[in-house]
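Side chains included, hydrogens not; waters and symmetry mates left out as well; all remaining heavy atoms used.
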There are 2 protein chains.
Amino acid sequence: MTTATSNQSRDRIVSAAQKLFWRDGVTATSPRDIMGESGVGQGSFYHHFPTKHDLAFTAISDTVTSSLMAARLQLQSEGRAYDRLVAYLTRERDAVFGCKIGRLTADPTVMTDNDLAMTVSSYFTDLTVLVRDVLIEQGRVESATDIAHAVVAVVQGGYVMAKATENPDVMRAAVRGFLALLSEGLETSHEQ
Amino acid sequence: MTTATSNQSRDRIVSAAQKLFWRDGVTATSPRDIMGESGVGQGSFYHHFPTKHDLAFTAISDTVTSSLMAARLQLQSEGRAYDRLVAYLTRERDAVFGCKIGRLTADPTVMTDNDLAMTVSSYFTDLTVLVRDVLIEQGRVESATDIAHAVVAVVQGGYVMAKATENPDVMRAAVRGFLALLSEGLETSHEQ
DNA sequence: GTCTATACGAGGATAGAC
DNA sequence: GTCTATCCTCGTATAGAC
């Protein structure tokens, strides 16, 4: 083994970066900001992450992986497909802070960097597939892909609207509206 | 009259700012970038807009006003309410470039400035009201507000997903999925 | 691994002349 | 209104010692 207790400073740097990237975005977060937030010094910082790109890639990849993991846990749990979908849509979200990953879409540092942009892209394609599979399971085979896109879009749009208005109820309203439509023809048309 | 042909440079500055704010965001666009894009010199630039805030407020307010105007024209045109809603949802959008206004939600310069943040916020509340009124007109009185939020969210989320994946079809899929649900119980439940 | 010192361009202006 | 010169801080590192 090369390191004993699996790097203290490195983890602190990544956590601080994730926090600040969520709040301010990657472009607006400087190495100095991250040193301040993490309490790690300059020498140590640049030892672990020679460039901002390196840190951003580590931090964003980790955020994407754990977000997908959380979605997977919820969408592939026990219970009826429809219930899992409702649970996913209505789960508590820090709506007024925006989506950690969706916001990166508006971040020039991320979008002009192929590695980072692909990581963000993969989050949305993977998440949409997860949702689509649940819709298929529910019996909505016909336009499962389209509806899955709508599901993911409603959540992302909910984040944008809630952040814009600083009101978490806006996200809830969007989800309620969507669910009203999704469940409208339920008894007659689709397996529950 | 104080000026003859109603300021050349000023308009060029605002147009350039709107273009760059859309592409890169406000935070990542510098005065120097805008001078370069507009061809206006430094002295002239700072004469018209003493601070970046002043320019951002002018540019963003104008974008919000004309976007709302465009939505209003489409949502309050002739024809059946349902058709206007479909037209609004399916209209051509530069999806892969993201929403000019929605992206500002992830821009620290905008969100930490009260004037700018309120301008962005008002766009979403006003737009949602426009959509809600069409839904009410269509006969969906019950959850018109919620569904209106869902409509706006699907479009915003469509922008985010399309930009993330660099694929405009993703926005179209989200809208198709949403419309599939919206029109599902149509013949029986609601006026068309 | 971590520290301190140093560097250089860009961001966001201000000052004063024309 | 527009131009050129100047200013100071921050972003993003690099260098070398401990």
Enquirer: In whole angstrom, what separates F45(A)'s CZ from dA5(C)'s P?
Expert: 20 Å

Enquirer: Among dT12(D), dG11(D), dA13(D), which is the nearest nucleotide to the side chain of T51(A)?
Expert: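 Of the candidates, dA13(D) comes closest.
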
Enquirer: In this structure, how many angstroms lie between the P atom of dC10(D) and the CG atom of D24(A), rounded?
Expert: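 Interatomic distance, CG of D24(A) to P of dC10(D): 16 Å.
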
Enquirer: Closer than 4.0 Å, any side-chain N/O of H47(B) to the OP1 or OP2 of dC3(D)?
Expert: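 Negative; the distance criterion is not met.
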
Enquirer: Could you say whether G43(A) or T27(A) is positioned toward the 5' end of DNA chain D, judged by the nucleotide with the nearest heavy atom to each?
Expert: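 Checking each residue's closest nucleotide, the 5'-ward one belongs to T27(A).
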
Enquirer: Does the side chain of H53(B) get closer than 4.0 angstrom to OP1 or OP2 of dG12(C) through an N or O atom?
Expert: no

Enquirer: Just to confirm, is there a sub-4.0 Å distance from OP1 or OP2 of dT2(D) to any side-chain nitrogen or oxygen of S9(B)?
Expert: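 Checking dT2(D) against S9(B), a side-chain N or O does come within under 4.0 Å of OP1 or OP2.
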
Enquirer: Hey, which of these two, S44(A) or R32(A), hits DNA chain C nearer its 5' end, going by closest nucleotide?
Expert: S44(A)

Enquirer: So do the side chains of D113(A) and F57(A) get within less than 4.5 Å of each other, counting heavy atoms only?
Expert: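 No, side chains not in contact.
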
Enquirer: Check whether NZ of the Lys or CZ of the Arg R93(A) lies under 6.0 Å from the centre of the six-membered ring of Y88(A) and within 45 degrees of that ring's axis.
Expert: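 R93(A) over Y88(A) ring: yes.
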
Enquirer: So if I apply the side chain to side chain donor-acceptor pair (under 3.5 Å) rule between E137(B) and each of Q76(B), R80(B), R84(B), which one comes out positive?
Expert: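 Testing E137(B) for a side chain to side chain donor-acceptor pair (under 3.5 Å) against Q76(B), R80(B), R84(B) leaves exactly one candidate, R84(B).
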
Enquirer: Any salt bridge between E37(A) and R23(A), counting N to O under 4.0 Å?
Expert: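 No salt bridge links E37(A) with R23(A).
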
Enquirer: Output the rounded distance in Å from OH (Y46(B)) to P (dC7(D)).
Expert: 17 Å

Enquirer: Rounded to whole angstroms, how far apart are CZ on F49(A) and P on dA13(D)?
Expert: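 To the nearest whole Å, that distance equals 13 Å.
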
Enquirer: Return the value, rounded to whole Å, for the distance between atom NE2 of H48(B) and atom P of dT14(C).
Expert: 16 Å

Enquirer: Rounded off to whole Å, could you give me the CE-to-C1' distance for the M35(A) and dC10(D) pair?
Expert: 12 Å

Enquirer: Roughly, in whole Å, what's the span from CD1 in I34(A) to P in dC10(D)?
Expert: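 Checked: the CD1 to P distance equals 16 Å.
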
Enquirer: For V40(A) and V26(B), take the nucleotide of DNA chain C holding the closest heavy atom to each; which residue's nucleotide lies nearer the 5' end?
Expert: V40(A)

Enquirer: Would you mind telling me which of dG12(C), dG1(D), dA13(D) lies closest to the side-chain atoms of Q42(A)?
Expert: dA13(D)

Enquirer: For a quick check under 3.5 Å, do T65(B) and D62(B) share a side-chain donor-acceptor pair by atom type?
Expert: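 Side chains of T65(B) and D62(B): no pair found under 3.5 Å.
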
Enquirer: Which whole-number value in Å describes the distance from D54(A) CG to dT14(D) C1'?
Expert: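 Rounding to the nearest Å, CG of D54(A) and C1' of dT14(D) are 15 Å apart.
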
